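Worksheet: one structure, shown below.
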Amino acid sequence: MRIDLHTHSRASDGTQTPAELMRAASAAGLDVVAITDHDTCAGWAEAERAAYDVSITLVRGMEISTKFRGKGVHLLGYLPDPTYEPLVQGLVRILDGRNGRVPGIVERLQGIGIDIAEDDVHRLAGDPAAVGRPHVADALIDLDVVVDRKEAFAKYLNPGRPAYVNRYAAPLEEMIATVAGAGGVTVVAHPWGRGRAEDLDEAAFAHLLEVGLSGIEVDHQDHDASSRTALRGIARNLDLVVTGSSDHHGAGKVNHELGCNTTDPEEFDRLLERARAAAGASGRGTPEVLTR
Ligand code: AMP
Ligand code: ZN
Ligand code: FE
Ligand code: FE
């Protein structure tokens, strides 16, 4: 049984439609796949239909932009009731920040002499629910300013680069509680990606467990072997669920192919158990994963 719990579609910054993503997941030999677009459930309905057609089990999820001790943390939320008002409001606030940021980024790029318009970004992105820097990167590729997203981030879009603009992210503890209130469960995505080990240490995870966190994404391309071993140890000590995933973005990110990391079926069962408990406690959400 092959389980991949973190993937993106064109509902955010992946390059495949939700249906294409489900077909690719099936073709890659996955049995279970989660769709986890940034800050939105907009891809769920299409993914559900396609997952049914290709007989793959779909886990409805999202990757939520949060902040912890002043730094960005990506929080994976699985199986929440997407109509739970505090969750809806939290996501609206994040998405407003995403939309509001695009004009500022474009203006900064124009300021350093790049001939780009807001419309270039929106036209290529195809109006995703969650617009992000990767879509600006795609416009820069189309304009022959850079060759790939990686170069666009390194030269223009990363913090400290000329076109960087900050945006709103939800407080991490608050969002863990909000997803729990929606009957879902949460897993911290790639906690030690890009040099984050000093903030999210065992004491921090113990604190997050207390506010309702269910798991840690240990097996991720941003983690080297020693980070994975250390994070696995923390998860074991705290009885947190260990997940593994590709963080697939279609053609938008190299070395993140579907199934390049997977989640142990026993760990997946533990995650579903916690989802059932959260759904029961909140009277919301649904532990059901969609399967044929
Ligand atoms: P944003 O959502 O606008 O904050 O952009 C952050 C997203 O951009 C991340 O979640 C990644 O999916 C993507 N990203 C960040 N760095 C890179 C990179 N070097 N190459 C490709 N995609 C990236
Ligand atoms: Zn992304
Ligand atoms: Fe992420
Ligand atoms: Fe991601």
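Each ligand, and each atom within it, is numbered from 1 in the order the structure gives. Treat the numbers as computed from the prediction; the structure is a model and nothing was measured.
- Arg149 pairs in a side chain to side chain donor-acceptor pair (under 3.5 Å) with only one of the listed residues (Asp138, Asp13, Thr15), which is Asp138.
- Residue contacts to the Fe ion (ligand 4): His249 brings no N, O or S atom closer than 2.8 Å.
- When the N, O or S atoms of His74 are ranked by distance to the Fe ion (ligand 3), ND1 comes first.
- Of the possible polar contacts, none joining the Ser55 side chain to the Ala51 backbone as a donor-acceptor pair under 3.5 Å is found.
- The Zn ion (ligand 2) does not have His8 among its coordinating residues (no N/O/S atom, backbone or side chain, under 2.8 Å).
- A distance below 6.0 Å separates the ring centres of His190 and His74.
- An angle of 90° is found at the Zn ion (ligand 2) between His249 atom NE2 and Asp13 atom OD1, rounded to 10°.
- Draw a line from the Fe ion (ligand 3) to OE2 of Glu63 and another to NE2 of His190, and the angle between them is 100° (to 10°).
- At a cut-off of 3.5 Å, with distance as the only test, a side-chain donor of Glu202 or Asn237 sits close to an acceptor on the other residue.
- Donor-acceptor pairing under 3.5 Å is lacking for the side chains of Gln16 and His249.
- For the Fe ion (ligand 3), the N/O/S atoms of His38 include none lying under 2.8 Å.
- The Fe ion (ligand 4) lies closest to atom OD1 when only the N/O/S atoms of Asp247 are considered.
- A cation-pi geometry, defined here as NZ or CZ lying under 6.0 Å from the six-membered ring centre and within 45° of its normal, does not hold between Arg133 and Phe153.
- Counting backbone and side-chain atoms alike, Glu63 contributes no N/O/S atom closer than 2.8 Å to the Zn ion (ligand 2).
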